[in-house]
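First up is the structure itself, then whatever we jot down about it.
Note: hydrogens, waters and symmetry copies are ignored here, and every other heavy atom, side chains too, is used.
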Amino acid sequence: MRTVALDTNVLIDAFHGDESFRPRLASADRILVSPVVFSEFLAGFDDSRSGRAAKERFRAFLAL
């Protein structure tokens with residue numbers, strides 16, 4: 001079983017449209033995001049000037 005663990009930088013890059021990570025994720029059987037990484041990523045939205053729009057984009061991103 002191939003497992004890929006994502007870090008905050010990958011999540012941020014992906015959220016901003018970088019798709020270079022997709023081939024690795026496509027070949028993974030399991031994708032992990034630690035609670036710490038997830039919290040760091042979410043904390044960025046608390047500081048975001050775009051507030052509501054950023055949270056909606058985040059929900060759409062998670063749906064992927």
After noting the C-alpha distance and the side-chain angles of Asp13 and Phe21, does the key distance pass the side chain to side chain contact (heavy atoms under 4.5 Å, CB included) rule? CA-CA 9 Å; Asp13 291 348; Phe21 67 95; over 6 Å; no

For Val37 and Thr8, work out which heavy atoms get closest and say how close.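 Closest approach of Val37 to Thr8, heavy atoms only: CG1-N, 3.4 Å.
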
Which atom pair, heavy atoms only, marks the closest approach of Arg24 to Val4?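 Smallest interatomic distance, heavy atoms only, reads O-CG2, 4.0 Å.
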
Gap between atom CG of Leu6 and atom CG of Leu11 - 0.5 Å precision: 5.5 Å

CZ of Arg30 to CG of Leu25, rounded to nearest 0.5 Å, is 14.0 Å

Within the side chain of Asp29, is there an N or O that forms a donor-acceptor pair under 3.5 Å with the backbone of Arg2?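 Here the side-chain-to-backbone pair exists.
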
